[in-house]
Amino acid sequence: DKAVIGVTGLAVMGRNLARNLARHGHVVALHNRTAARTKALVEEFGHEGEFVPAETAEEFVASLERPRRLVIMVKAGAPTDAVIEEFAPLLEPGDMIVDGGNAHFADTRRREAALRERGLHFVGAGISGGEEGALNGPSIMPGGSAESYQALGPLLESIAATVDGTPCCVHVGPDGAGHFVKMVHNGIEYADMQLIAEAYDLLRQGAGLAPTEIAEVFRSWNSGRLDSYLIEITAEVLAHTDARTGKPFVDIILDQAEQKGTGRWTVQTALDLGVPVSGIAEAVFARSVSGHAELRQAGHGLPGPRAVPGDVSPDDVEKALYASKIIAYAQGFNQIQAAGAEYGWDIDPGAMATIWRGGCIIRAKFLDRIRGAYESDPARPTLLTDDHFTHALGDAQDAWRGVVATSARLGIPAPGFASALAYYDALRADRLPAALTQAQRDFFGAHTYRRVDTEGSFHTRWESGRTEEPTN
Ligand code: NDP
């Protein structure tokens with residue numbers, strides 16, 4: 001039998017994806033630069049389905065039915081280009097190369113354009129959920145042509161996670177749209193994790209609860225509106241005791257968060273697009289601060305608050321967490337909409353919320369609300385205007401402000417909560433001090449300003465009589 005799909009790159013992700021495909025009854029061709037991995041897969045998991053192992057690129061390509069579907073799961077960056085260059089010459093017009101790695105969407109756009117010239121479809125597919133997701137059902141975000149999705153969609157949907165019978169896989173949009181959306185997913189994941197970390201810290205240092213008690217708090221939150229994978233695993237982690245020392249496990253871990261770069265990409269791209277994603281940015285910077293051991297060492301003796309007034313209640317923290325989470329997601333979805341407009345992708349934001357409900361790290365009940373919000377108004381400028389979210393934000397007002405104020409009074413850093421609140425208040429404001437900023441810019445750089453009462457641009461001659469003149 002010829003294989004309906006092939007996977008090259010059989011490290012954890014590729015191997016599990018191939019097994020997932022085979023378990024769903026698809027004949028899967030296998031290839032890896034180092035043939036030992038291919039052999040090991042067949043030896044260990046050959047009984048799970050029908051595999052067609054190949055040692056050479058030529059054998060691999062020959063084992064695929066046409067049009068060929070070839071999935072690349074190798075290290076992102078130069079290795080992906082190398083593998084594309086190895087296979088593209090062996091393929092024929094209409095064949096499809098799927099890149100399931102964590103590519104930067106700009107690379108995906110470049111590769112798609114180059115392969116389209118050669119008559120090949122290139123599909124950058126974001127795959128979330130780690131190795132566990134790849135095996136048991138990931139959330140899949142494929143970009144590329146609509147035509148290629150016709151041939152790939154049913155296969156990908158068959159191995160994706162499902163929620164309420166709906167697969168967590170949908171055609172996101174052309175060229176790099178899939179990898180873009182996967183990147184923003186990861187950015188939102190950073191923000192969500194940071195907010196959870198702040199909630200933990202406030203309960204620990206502010207409310208004086210022990211990790212096991214906080215685990216219980218998170219467990220109870222997980223049966224409410226915060227029900228999500230990240231809250232669930234947080235409870236598990238906090239309940240865990242270190243076998244070696246008997247201490248809470250969270251206390252024996254070095255407090256320096258690392259990052260692989262997708263959060264940073266999200267913020268860099270947001271800056272280019274001009275989208276304020278302060279929640280994601282604060283999360284990336286919070287990890288960065290944590291990792292600067294020397295800087296923290298230098299700051300260690302600096303004076304802190306004198307009095308320690310203020311109390312923190314778990315209920316208030318829950319409200320602050322939910323409100324801040326709404327802000328972070330609203331910002332991330334705005335970034336997706338902005339990129340859609342910039343690149344002509346026509347992304348349905350509600351569909352993204354739908355495919356993130358399962359299989360990925362940010363899977364949560366909450367996403368059903370976001371799906372509903374975009375269903376009622378796909379073009380809404382912000383999620384905050386959806387009735388459910390507006391109500392939740394209203395309900396959180398005292399708690400949210402109280403938690404931010406208390407964190408400041410106690411000297412517990414809560415940049416995620418604080419910046420979410422500042423963003424919220426900026427959107428609410430009648431007037432922002434940006435007017436003053438504009439006046440300063442005109443003062444020192446003749447950058448001009450607009451008036452509230454007349455059309456057009458103006459410049460004031462600040463040095464000579466402060467006379468105003470129109471500039472256009
Ligand atoms: P790695 O990123 O560790 O990559 C290892 C694989 O890449 C091996 O199969 C290796 O072949 C192959 N490879 C590396 N360089 C080359 C090259 N120059 N030519 C040919 N093959 C090469 O594997 P993972 O499974 O962890 O991840 C695969 C992709 O999926 C990555 O892009 C990653 O970012 C992404 N991803 C990973 C997730 C995870 O949880 N790990 C989650 C979601 C996405 P060889 O065996 O010969 O060395």
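Note that ligands are numbered from 1 as they come in the structure, with each ligand's atoms numbered from 1 the same way.
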Looking at D201 and R204, is there a salt bridge between them, counting it only when a charged N and a carboxylate O are closer than 4.0 Å? no

Identify the protein heavy atom lying closest to atom 46 (O) of ligand 1, giving its residue, its atom name and the separation to 0.1 Å. R37 NE, 2.5 Å

Does G101, backbone or side chain, put an N or O under 3.5 Å from an N or O of ligand 1? no

Return a yes/no value for R33: is any of its N or O atoms, backbone included, closer than 3.5 angstrom to an N or O of ligand 1? yes

Taking the inter-plane angle between the rings of H26 and H24 on a 0 to 90° scale, is it parallel (under 30°), tilted (30 to 60°) or perpendicular (over 60°)? parallel

Would you compute the distance between atom CZ of R357 and atom OG of S228 and round it to the nearest 0.5 angstrom? 15.0 Å

Between Y322 and W221, does the ring centroid distance fall short of 6.0 Å? no

Return the set of residues passing side-chain contact (heavy atoms from CB on, under 4.5 Å) with T56 (not counting sequence neighbours), or none when no residue passes. E58, E59

Could you tell me whether the side chain of D242 and the main chain of T245 form a donor-acceptor pair under 3.5 Å? yes

Counting heavy atoms only, name the option from I72, N32, N102 that's nearest to atom 34 (O) of ligand 1. N102

Nearest to atom 26 (O) of ligand 1, what protein heavy atom do you find, and at what distance? V12 CG2, 3.5 Å

For atom 47 (O) of ligand 1, grab the closest protein heavy atom and report residue, atom and distance to one decimal in Å. T34 OG1, 2.5 Å

At a non-hydrogen distance cut-off of under 4.0 Å, which region of T8 contacts ligand 1 (side chain, backbone, both, or neither)? neither

Which atoms from ligand 1 have a heavy atom of L10 less than 4.0 Å away? 9 (O)

Ligand 1 atoms nearer than 4.0 angstrom to some heavy atom of P79 are 15 (N), 16 (C), 17 (C), 18 (N)

Under a plain distance cut-off of 3.5 Å, with no hydrogens placed, do D175 and W345 share a side-chain donor-acceptor pair? yes

for atom 28 (C) of ligand 1, nearest protein heavy atom and its distance come out as M73 O, 3.6 Å

Ignoring angles and geometry beyond distance, decide whether G9 reaches within less than 3.5 Å of ligand 1 through its nitrogen or oxygen atoms. no

Check for me whether the distance between the ring centres of W265 and Y190 falls short of 6.0 Å. no

Is the shortest N/O to N/O distance between K260 and ligand 1 below 3.5 Å? no

From A11, G130, S128 - option closest to atom 6 (C) of ligand 1 by heavy atom: A11

Counting only pairs under 3.5 Å, give me each side-chain donor-acceptor contact of residues 92-103, with atom names and distances, residues two or more places apart or in other chains.
unit_1, atom_1, unit_2, atom_2, d
E92, OE2, R68, NH1, 3.0
E92, OE2, R68, NH2, 3.0
D95, OD1, R66, NE, 3.4
D95, OD1, R66, NH2, 3.4
D95, OD1, R68, N, 2.9
D95, OD2, R68, NH1, 2.6
D95, OD2, E92, N, 2.9
D99, OD1, G101, N, 2.9
N102, OD1, K182, NZ, 2.9

Under-4.0 Å heavy-atom contact with ligand 1, by part of V83 that carries it: side chain

How close does the nearest protein non-hydrogen atom get to atom 25 (O) of ligand 1, and which residue and atom is it? M13 N, 2.9 Å

Within ligand 1, which atoms have a heavy atom of I127 less than 4.0 Å away? 43 (C), 44 (C)

Looking only at protein heavy atoms, which one is nearest to atom 3 (O) of ligand 1, and how far off is it? K75 NZ, 3.4 Å

Drop me the distance from R15's CZ to N32's CG, to the nearest 0.5 angstrom. 11.0 Å

Checking the side chain of H104 only, and the main-chain atoms of A106 only, is there a donor and an acceptor separated by less than 3.5 Å? yes

Distance from atom 29 (C) of ligand 1 to nearest protein heavy atom, with residue and atom: V74 O, 3.5 Å

